[in-house]
Each structure stands twice: as structure tokens, then as C-alpha cells.
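Below: one structure, written as C-alpha cells.
Any value given below was found using the heavy atoms of this structure, including those in side chains, with hydrogens, waters and symmetry copies removed. Residue numbers begin at 1 in each chain, while the letters A, B, ... track the order of the sequences.
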There are 2 protein chains.
Amino acid sequence: MNDTGASKTAQHAGLGHKDRLRLWIRLLRASRTIENELRLRLKSAFDMTLPRFDVMAALNREPEGLLMSDLSRFLLVSNGNVTVIVDRLVTDGLVVRSSREGDRRTSIVRLTDSGLTLFRQIATEHEKWVGELLGGISDEDARHLAVMLKSFRSNWET
Amino acid sequence: MNDTGASKTAQHAGLGHKDRLRLWIRLLRASRTIENELRLRLKSAFDMTLPRFDVMAALNREPEGLLMSDLSRFLLVSNGNVTVIVDRLVTDGLVVRSSREGDRRTSIVRLTDSGLTLFRQIATEHEKWVGELLGGISDEDARHLAVMLKSFRSNWET
DNA sequence: CAAAATTATTTCAAGTATGAAGTTTTAAGG
DNA sequence: CCTTAAAACTTCATACTTGAAATAATTTTG
């Protein structure tokens, strides 16, 4: 089972790289698989796209609203991207931009009432879907995984 | 540490859903973070995009070449998408479509010599980057994670 | 305070991405 | 055979995404 026995502490370059590469590929495939399935279901059940739902979910967490740059940072997508998605949600009446006292560069983005209503409907189903899609992972593993994924970031983000 | 004690076998609906949702969000954030960083580095070091590199990596695994539909299935992206990316790689001389005896609908896609040379250069760096970005995860955790992520899929893919 | 730097956002070109519709070719049924 | 169905792609309209450049407002500095 053990190879050289040096693997566990092989920080001195290159040895664990193959394992990490395999892990990255699996991580990517898992997240693409889930994302594809969620996209399909959102489309067919609610005529909603994933990026729009993501923005609504972020706004739902902050009843006070968020700046465009907050959305960009939180969702890990570019500024220009957020602009387009929010524009579309505004057109659909699900979201509003309200101007802010003291800083005319920014505007705060909030869910409208109908946006909130719709979000809650979708979120209920969405949560079930995720529960189902990740159902093959035990509760214990799920928690373990979540902890690992939470902490990995701080190690290289100077 | 334990709450009710019923969590481990709570298959009867709804209970683990919140945990799974959190896990999904972390999974998505982790993979977006890594993807964003890799995209940046590929661009600045090799003027290469991630989708093109993904196609080249898939082709590298199969010296015999792959059908368009094989690429689509393996990379989990649509047919139309693969067409565009491969078109671009052909234009750049990194890949060729060669027609096939016996079935004129299909063509086999392969790396060219220069495609293979370039891929190997990039892959070396790419592997280091991934090793670095996932370096915060111990070897043991990395293996554990990889196993979990490999098997989760079969549970709902009827 | 005025100039310079910073911050927040939008605009734009280029590149992905999907899913549906269309084309060409092959396989299956009769 | 010849029609029908199926398979493998490509094309197209629409939507998302990035990163760079442009705009506008605020803050910092000399």
C-alpha cells in the first residue's frame, strides 16, 4: 500500500503533483456535472438560467442589498459579467438598482418583491435537487469535504 | 459533537439538504477559484485559453485520436462548443481532423506534432500550478477527496 | 484647493457555451 | 432496393464570460 513511505511529507517538490492533478480533474468534472444538471432543471422547471439564479441567491443573503463589486467578488466572476446579468434581471423586474447617498459611482442592487417571491420558490426546489445530486455522499463525508474545501484557499491567497 | 444522532441515517428526506447545499457552494467556489487562476496563468505564460488546453489534454491521452462526440462526452460540454474550439485549434495548426475509412460522417481529431510539443511544455507548468494551488490539502486528504469525488456520480446517473 | 491616483462601474470586442434546427451519412425495416 | 430512422456533425441564435478600455465620481497629495 505504501510506496516509498516518503509520500506523506514529500513537500520537497513534485512528488504529490500527479495526485493533485487527478484531484483537480475530478473536482472539475464533479462540479461541471452538477452544474449541467442544475442548469437543465432550472431551465425546464422555471425558465431560469444558472447565472441569474446565482445573483438572486447572493442578493437573498443580504436584504440590505449589494454593490456590483460585492456581487463580482462573491460570485467570482468579472465586473462586466455582473453588469450584464443584473441588467437582465432588472429588465425582468426581479431586481432593482437604487442609488446611494454619498457615493454616486455606486448603486445598491436588491431583490424586488416579485424577485424575492420567485427566488424562494426556486430555492426550495434547488435545495432538493442539490440534496439529491449529492445524495451519494454520506453526511459524514459531506461535512469532511466541506471543511477541506473551505480551508484550502487560504494557503496560497497571500 | 453529535446532535440528535439520527443524522447519519436520515435518508428519509430533507435533513441533510442544508449540509449538501453548503458543500455544493464550497465545491463550486473552489473549482471557480482554481479555474480563474489557471486561466490567468495560461493566458499570461502561453497565450493559451483553458478550453483549448482542455481539448489538447484530452487528445493527448489518446494518441489514436478522438471523435468530436468523444471530446464532447469527456469534457462535458456541448457538441457545438467542441466544433468551435477544435476549429480554432485547427486554424492554429495544433490539431488536425483526419477523415475516416468507413464512416464519412465522422472525422478523427488528433494533435499535430507542434500541438504535441506545445502541449507538453504547457502541461509541465500546468501540473506544477495545480500542485501549488492544491498544496494546502494534505496527500492523505487529497486521496480521500479524489475517491469521494470519483464515486459520487454513479448514485444518480441511472 | 487642484492635480493625480484610486475606486466603481459600464462598454466593447473576442471567445466560450448551450440547445435547437439543419445537413450528410449510415443503419434498419420492409 | 427504398423508405425511415438513427447517428455525427455543423450552423445558428442567444446567452454568458473575460479582460481591456472608457467614464465618472471620490480620495489623496503636494
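- Among the protein residues, B:Arg52 comes within range of the sugar-phosphate backbone only, with heavy atoms under 4.0 Å from sugar or phosphate atoms but none that close to a base.
- B:Asp87 places its CG atom 14 Å from the P atom of C:dA17, with the value rounded to the nearest Å.
- Residue B:Asp70 contributes atom CG, which lies 13 Å from atom C1' of D:dC9 at whole-angstrom precision.
- A:Asp47 places its CG atom 10 Å from the P atom of D:dA15, with the value rounded to the nearest Å.
- Partner of A:Lys128 under the side-chain hydrogen bond (donor to acceptor under 3.5 Å, both in side chains) criterion, chosen from A:His126, A:Glu125, A:Glu132: A:Glu125.
- Mapping B:Asn81 and B:Thr106 onto DNA chain D by nearest heavy atom places B:Thr106 closer to the 5' end of the strand.
- Contacts of A:Arg73 with the nucleic acid, taken as non-hydrogen atoms under 4.0 Å apart, are absent.
- In this structure, CG of A:Leu42 is placed 14 Å from C1' of C:dT18, rounded to the nearest angstrom.
- Spacing between atom CD1 of B:Ile85 and atom P of C:dT16 amounts to 4 Å, rounded to whole angstrom units.
- Judged by distance alone, with hydrogens and angles left aside, the side-chain atoms of A:Arg143 form no donor-acceptor pair with the main-chain N or O of B:Leu23 at under 3.5 Å.
- Counting only heavy atoms from C-beta on, B:Thr49 has its side chain closest to C:dG15 among C:dT25, C:dG15, D:dC16.
- Distance from the side chain of A:Thr83 is smallest to C:dT11 among C:dG19, D:dT26, C:dT11.
- With D:dC9, C:dT18, D:dT26 as the candidates, the nucleotide lying closest to the side chain of A:Arg104 is D:dT26.
- Figure legend: B:Arg41 and B:Phe46 shown without cation-pi pairing, the cationic atom not lying both under 6.0 angstrom from the six-membered ring centre and within 45 degrees of its axis.
- A donor-acceptor pair is defined here as one N or O able to donate and one able to accept, closer than 3.5 Å; no such pair exists between the side chain of A:Arg29 and the backbone of B:Leu149.
- Of the two residues contacting DNA chain C, namely A:Asn79 and A:Leu40, the nearest-nucleotide position lying further toward the 5' end is that of A:Asn79.
- For a distance-only test at 3.5 Å, the side chain of B:Arg105 qualifies as a donor-acceptor partner of the base of D:dA7.
- When rounded to the nearest whole Å, the span between CZ of B:Arg88 and C1' of D:dT10 equals 19 Å.
- The CG atom of B:Asp92 sits 13 Å away from the C1' atom of C:dG15 (whole-angstrom rounding).
- With distances taken from any side-chain atom of A:Met68 to the nucleotides C:dT25, C:dT10, C:dT16, the minimum falls on C:dT10.
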